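Read the structure below first, then the notes.
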Amino acid sequence: MSERKNSLAVQRIDALLDENSFVELGSGITSRNTDFNLDQANTPSDGVVTGHGLIDGNLVFVYSQDSEVCGGSIGEMHAKKITNIYRMAVKMGAPVIGILDSTGVRLQESYDALEAIGSIYQEAVSASGVIPQIVAVYGKCGGGLSVLAGVSDFTFVSDKGSLFLNAPDAIPGNNKDAVNNADPKFQFENTGIVDAIGTEDELSAKIRELVTILPGSNLEDGCYDECLDDLNRASEGLEDKRLDPAAFAEEISDNHLFIETKKAFAKSMTTGFIKLDGATVGVVGNKEKCLKCDKEFSTELTADAVRKAADFVRFCDAFDIPVLTLTNVAGYEKSIAAEGALPKALASFAAALASATVPKVNLITKEAFGTAYILMNSKSVGADLVLAYPDADMGIMDAAAASKIIAGDNSLAESFAETQSGIGNAIRRGYIDRVVNFADTRKYLIAGFEMLATKQVDENYRKHSTK
């Protein structure tokens, strides 16, 4: 236990971990710098508490910045403690959780402090895809430290925290009262970095829940638990819930567990985790309606939506978590801004899905039109299994629109729909494997992923994709 056991940094760790499980490492470390009256006696633990503990019995490594010591600022020894925690987490194959509350780089240490924060970046990037990385912003997290929130897989910001690259008043023509870009709500809705906001107690509970549904490292072949739910349980109300992937995922998941990620960003695309027969599965789905808030969304793909989906798929693939896509898409967003942003974002999404070697199942829930449907995990971009509902509609485009292009009027619409559109034609061509009814959705998805559990893919050698 820390020599400063009553410090806020230690209290935050204790609130997160299983009771009495925290073991501190490096508690005797202090700053080596004595410039500008920096006294070693006044830098206990050099402003960061580090160690390991348990969450629901799972090993995790944790560091918590101590704002009561030099403002939690990052100096040489402060960074060495954090990088040591990263290296140990990678060796042990366990998640690393950072609790951020810092004024930034320590001015008294100048270049040493700048290089120190760079060393944290290096370790975080090296650990990416090897162990899950989680940060909780409970105080200030600005400037270069905000990069760490972006590198991490999951970021949580307390209602009293602030996350920013440039402070609101430092942005030309802006001030805190105009656009407070450091506000948790702004970050939650606009950046694509933040998974949830709330009180520290609420976020500690969310982090604990998240840790229990993730593997400790990329060597664990996914995450599996005992299933206490009925494998043949009938799914209820999916006719309406298919419009809202969050409600849909909650219904089909073991014991109705759904952990949504990046919830307030790019709301037309839902991402999150469920359990099917005890196995963690990642869900990506087009949202047409939010059933809880009674809001409607376009089923056209947007740049933010596909970037969000691509990042999530890459995380799942890195940690051997199977992917389920729920497809209800009509096309692409139509605007000048979209023309500038969508092509590259779509390429990134296509690359993420096509290169993912984990089991991939696609369920066409309502509509699937054009190349937007192709990008939502079709057979041609690597789906192992494609299912569809009986009343789903799909095709190259709307039959009436196709007729106008071919014949200049609607005269061929009926013929085009009969011969070229619909799930019947897709089944005959082998693009859909099975039509399933709503009630049996959970059963068929479990069976599909169980069949794919031993999937193996031999890949051509390359360092990495360029997208």
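Keep in mind that what you see is a predicted model, and the values were worked out from it rather than measured.
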Give a yes or no answer on whether the side chain of [X] reaches the backbone of [Y] with a donor-acceptor pair at less than 3.5 Å.
{"X": "Ser158", "Y": "Gly161", "result": "yes"}
{"X": "Asp183", "Y": "Lys185", "result": "yes"}
{"X": "Thr325", "Y": "Thr327", "result": "no"}
{"X": "Glu251", "Y": "Glu236", "result": "yes"}
{"X": "Tyr121", "Y": "Val151", "result": "no"}
{"X": "Gln187", "Y": "Leu163", "result": "yes"}
{"X": "Asn218", "Y": "Phe319", "result": "no"}
{"X": "Ser235", "Y": "Ile252", "result": "no"}
{"X": "Ser268", "Y": "Phe297", "result": "no"}
{"X": "Asp254", "Y": "Ile274", "result": "no"}

Quickly, which of Val49, Thr50, Thr103, Val48 forms a side-chain contact (heavy atoms from CB on, under 4.5 Å) with Gln65? Name it, please.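 Looking at Val49, Thr50, Thr103, Val48, the match for Gln65 under the side-chain contact (heavy atoms from CB on, under 4.5 Å) is Val48.
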Would you name the heavy atoms of [X] and [Y] that are closest together and state the gap between them?
{"X": "Asp221", "Y": "Tyr224", "answer": "O-CE1, 2.9 Å"}
{"X": "Glu333", "Y": "Ala303", "answer": "OE1-N, 4.5 Å"}
{"X": "Ala310", "Y": "Ala352", "answer": "O-CB, 3.8 Å"}
{"X": "Ala127", "Y": "Val90", "answer": "CB-CG2, 3.8 Å"}
{"X": "Lys289", "Y": "Asp244", "answer": "O-CB, 3.0 Å"}

Kindly check if the number of other-residue, nucleotide or ligand heavy atoms within 6.0 Å of CD (Glu115) is above 12?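 No, because the 6.0 Å sphere around CD of Glu115 holds 12 heavy atoms or fewer from other groups.
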Within a 6.0 Å radius of atom NZ on Lys262, are there more than 12 heavy atoms belonging to other residues, nucleotides or ligands?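 Correct, the count exceeds 12.
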How long is the gap from [atom1] on [X] to [atom2] on [Y], to the nearest 0.5 Å?
{"X": "Gln122", "Y": "Tyr86", "atom1": "CD", "atom2": "OH", "result": "12.0 Å"}
{"X": "Ile134", "Y": "Asp153", "atom1": "CD1", "atom2": "CG", "result": "8.0 Å"}
{"X": "Phe258", "Y": "His256", "atom1": "CZ", "atom2": "NE2", "result": "14.5 Å"}
{"X": "Ser64", "Y": "Ile82", "atom1": "OG", "atom2": "CD1", "result": "10.0 Å"}
{"X": "Ser7", "Y": "Ile13", "atom1": "OG", "atom2": "CD1", "result": "7.5 Å"}

Regarding [X] and [Y], does a basic nitrogen lie under 4.0 Å from an acidic carboxylate oxygen?
{"X": "Asp101", "Y": "Arg12", "result": "yes"}
{"X": "Arg208", "Y": "Asp18", "result": "yes"}
{"X": "Asp46", "Y": "Lys81", "result": "no"}
{"X": "Lys379", "Y": "Asp384", "result": "no"}

Residues that Ser102 engages under side chain to side chain donor-acceptor pair (under 3.5 Å), provided they are two or more places apart: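 Scan of Ser102 (side chain to side chain donor-acceptor pair (under 3.5 Å), adjacent residues dropped) gives none.
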Given side chains that start at C-beta, do those of [X] and [Y] come closer than 4.5 Å, heavy atoms only?
{"X": "Met269", "Y": "Leu301", "answer": "yes"}
{"X": "Phe248", "Y": "Thr441", "answer": "yes"}
{"X": "Phe312", "Y": "Val323", "answer": "no"}
{"X": "Arg442", "Y": "Asp229", "answer": "yes"}
{"X": "Ile55", "Y": "Leu16", "answer": "yes"}
{"X": "Tyr63", "Y": "Val96", "answer": "yes"}
{"X": "Phe22", "Y": "Asp14", "answer": "yes"}
{"X": "Ser253", "Y": "Phe273", "answer": "no"}

Looking just at side-chain N and O atoms, do Thr261 and Thr271 make a donor-acceptor pair shorter than 3.5 Å?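 Checked: Thr261/Thr271 side chains pair up, N/O donor to acceptor below 3.5 Å.
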State whether a side-chain donor-acceptor pair under 3.5 Å links Arg314 with Ser128.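 No, no side-chain donor-acceptor pair sits under 3.5 Å.
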Between Phe315 and Phe154, what is the ring plane arrangement, given parallel below 30°, perpendicular above 60°, and tilted in between?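 Ring orientation of Phe315 relative to Phe154: perpendicular.
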Relative to each other, are the rings of Tyr389 and Phe438 parallel, tilted or perpendicular (30° and 60° limits)?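 The rings of Tyr389 and Phe438 sit tilted, inter-plane angle from 30° to 60°.
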Option passing side-chain hydrogen bond (donor to acceptor under 3.5 Å, both in side chains) with Asn328 (candidates Lys287, Lys366, Arg242, Glu288):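 Of Lys287, Lys366, Arg242, Glu288, side-chain hydrogen bond (donor to acceptor under 3.5 Å, both in side chains) with Asn328 is met by Glu288 alone.
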Yes or no on side chain to side chain donor-acceptor pair (under 3.5 Å) for Tyr138 and Ser67, after CA distance, side-chain angles and deciding distance? CA-CA 10 Å; Tyr138 284 174; Ser67 61; over 6 Å; no
Between Leu54 and Leu17, does a side-chain contact (heavy atoms from CB on, under 4.5 Å) hold up when you go through it step by step? CA-CA 6 Å; Leu54 302 175; Leu17 303 182; over 6 Å; no
